Amino acid sequence: MKATQILRTSKSDLKASTVHETFLLKGNFIQKLGAGIYQLMPLGFLAYQKIYEIIDEELKAIGFLSFRAPIVHPASIWEKSGRYDDFGPEMVKFKNRSAEKFVLAPTHEEPVNLIAKKLINSYKDLPLALNQIQTKFRDEPRARGGLIRLREFTMQDGYSFHTNQEDLDKFYNDVRAAYLRIFKRLGFEVKVVAATSGAMGGSGAEEFMILAQDGSDQIAICEKCDYAVNIETLVEGDAEVCEKCGGDLKMEKTIELGHIFKLGDKYTKAFELTYDNEKGEKKYPVSGCYGIGLERALASIVETHHDDKGIIWPSEVAPFDYYLIALGEKANEEAKKLYEKLAKEGKEILFDDRENSAGEKFADADLIGCPKRLVISDKTLANNQVEIKDRATGAIELKNLSEF
RNA sequence: CGGAGUAUGGUGUAAUGGUAACAUGCCUGUUUUGGGAACAGGUGACUCUGGGUUCGAAUCCCAGUACUCCGACCA
């Protein structure tokens, strides 16, 4: 892709309240429409799609079926579950011209359970795992922190249904492992933290956290073993020593990237979702649910992968692999050829074909943060070479044009 | 939802009751290319909305809306 089409960086010293928002706004990855409401610009959407694909791929690989629920729901399905009145003011309710009642989905248990009810009749239909990556809207009283806490956001939300606890436990562990693979591919070092499943009911829950200065969660980490726990679950004065080994606990600010729950039969009971067992008896499946916030993941990648000049994308989520700069007219001709060749081979390359000064192109290459920067200039052309600079390490190597 | 503040070209700011200015961006041209270049010309804001005070309002007053920060709430 060409910079003249997609790149609109800002030279201003704009400073948002968080690092990721500063760089994402400066590089024009995102645009703010209102508090907690942002749109992804073409550049930002490229990175977002990479995240989407990684999550989708890993979850399909362990057996999730993809579905897609709507964002606007008729109020009736929420009235039926009893949550139309219970959910609280963060759920937006509205009426259309015919005074029919609707809600904007803050979560998707209601439609998912309707899908599951269609698909599950018999024990033979279990286990079943359903997944979607879809928009949620929550009218947060105070959205803040850039993309960390949005009102409209995208969430991967998966749900699984099982005949018994052992089967749920097994699948839960599969999801746990898939989540660890996802977060590794996204470039994170996550801590899996014991969490309360109180509000959701059920038998267990864990959160996937990263340490981050701008985080709004706090966890307690044991200084001796690898035990970590959300401080929300530390209520009864045991907030000072590790319950595993007795070591001292240290408080750290974190961002929660994902959350997995064993729900038991709370929701299947609430939604009257049953199956027939071998004896023909009606039983409630036990279920689990699993979620990752995509914009929050995007923001967190920037929070954990940057220097003072800009973003340093992990290779799997970078919007482009290469950022190509040409200096001088002769170099520009060669760069154009190289760009077309690499593009034809399917390489993801951003060619800075703008007429801007050299310094501006270098600064933007750092800001945008593609893993490799290619420079062609009179200097490199003297030996028919291209300079390759690694964004993360700063290491520079020269390669012959013919080797590309 | 409680407390405080802000609202002016695309962006960032100035003008404190009397002609809306500066920088940047953008457009044209010339020149320039290894770390945010230079010159020249040009473009662009009925100063958030509605009301009020005044000869006169970006400026003062009232209401609304939006945004920011602190707190509560939530993930």
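Chain A is the first sequence line, chain B the second, and so forth, proteins listed ahead of strands; every chain is numbered from 1. Just so we're clear, the structure is a prediction, and the values are computed from it rather than from any experiment.
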Can you check whether [X] and [Y] have ring centres sitting under 6.0 Å from each other?
X	Y	answer
A:F171	A:F64	yes
A:H73	A:H108	yes
A:W313	A:F29	yes

Please determine whether side chain to side chain donor-acceptor pair (under 3.5 Å) holds for the pair A:T254 and A:E252, giving the CA-CA distance in whole Å, both sets of side-chain angles, and the decisive distance to 0.1 Å. CA-CA 6 Å; A:T254 60; A:E252 295 280 1; over 6 Å; no
[atom1] of [X] versus [atom2] of [N]: gap in Å, rounded?
X	N	atom1	atom2	answer
A:E152	B:C74	CD	C1'	18 Å
A:L150	B:C74	CG	C1'	14 Å
A:I37	B:A66	CD1	P	11 Å
A:K330	B:U32	NZ	C1'	16 Å
A:I292	B:A75	CD1	P	18 Å
A:L25	B:C67	CG	P	15 Å
A:E21	B:C67	CD	P	13 Å
A:E360	B:U32	CD	P	18 Å

For [N], the Watson-Crick or wobble counterpart (both distances under 3.5 Å):
N	result
B:A21	B:U13
B:C73	none
B:U65	B:A7
B:G35	none
B:A40	B:U28

Looking only at side-chain atoms of [X], point me to the closest of [options].
X	options	result
A:L327	B:G35, B:U33, B:A37	B:U33
A:E256	B:G34, B:A75, B:C73	B:A75
A:E387	B:G25, B:G34, B:A37	B:G34
A:K389	B:G35, B:G34, B:C73	B:G35
A:R144	B:C74, B:G71, B:C67	B:G71
A:A358	B:G34, B:G35, B:C74	B:G34
A:R142	B:G36, B:U68, B:G71	B:G71

Check if the side chain of [X] and the base of [N] share a donor-acceptor pair of N or O atoms closer than 3.5 Å.
X	N	answer
A:D364	B:G36	yes
A:S357	B:G36	no
A:R138	B:C74	no
A:R354	B:G25	no
A:D366	B:G35	yes

In whole Å, what separates the [atom1] atom of [N] from that of [M]?
N	M	atom1	value
B:G50	B:C73	P	39 Å
B:U31	B:A38	C1'	8 Å
B:C55	B:C1	C1'	45 Å
B:A40	B:U47	C1'	31 Å
B:U59	B:A7	P	11 Å
B:C48	B:C74	P	37 Å
B:U19	B:U24	P	25 Å
B:G64	B:C26	C1'	35 Å

Look at the side-chain N and O atoms of [X] and state whether any lies under 4.0 Å from the OP1 or OP2 oxygen of [N].
X	N	value
A:R296	B:C74	no
A:R8	B:C26	no
A:K361	B:A37	no

Ring-plane angle category for A:F261 and A:H259, please: parallel below 30°, perpendicular beyond 60°, tilted otherwise. parallel
Look at the aromatic rings of A:F188 and A:H305 and report parallel, tilted or perpendicular, splitting at 30° and 60°. perpendicular
Closest-nucleotide ordering on RNA chain B, the 5'-leading residue of A:K11 and A:A143: A:K11
Per nearest nucleotide of RNA chain B, the residue lying toward the 5' end, A:E355 or A:R151, is A:E355
Does A:T107 reach a base, just sugar-phosphate, or nothing at all? Heavy atoms under 4.0 Å. nothing
For A:A35, report the nucleic acid contact type (base, sugar-phosphate, nothing); a contact means any heavy atom under 4.0 Å. sugar-phosphate
Atom pair CG/CD of A:L398 and A:E403 - distance to nearest 0.5 Å: 10.5 Å
Give a yes or no answer on whether the side chain of A:E295 reaches the backbone of A:T154 with a donor-acceptor pair at less than 3.5 Å. yes
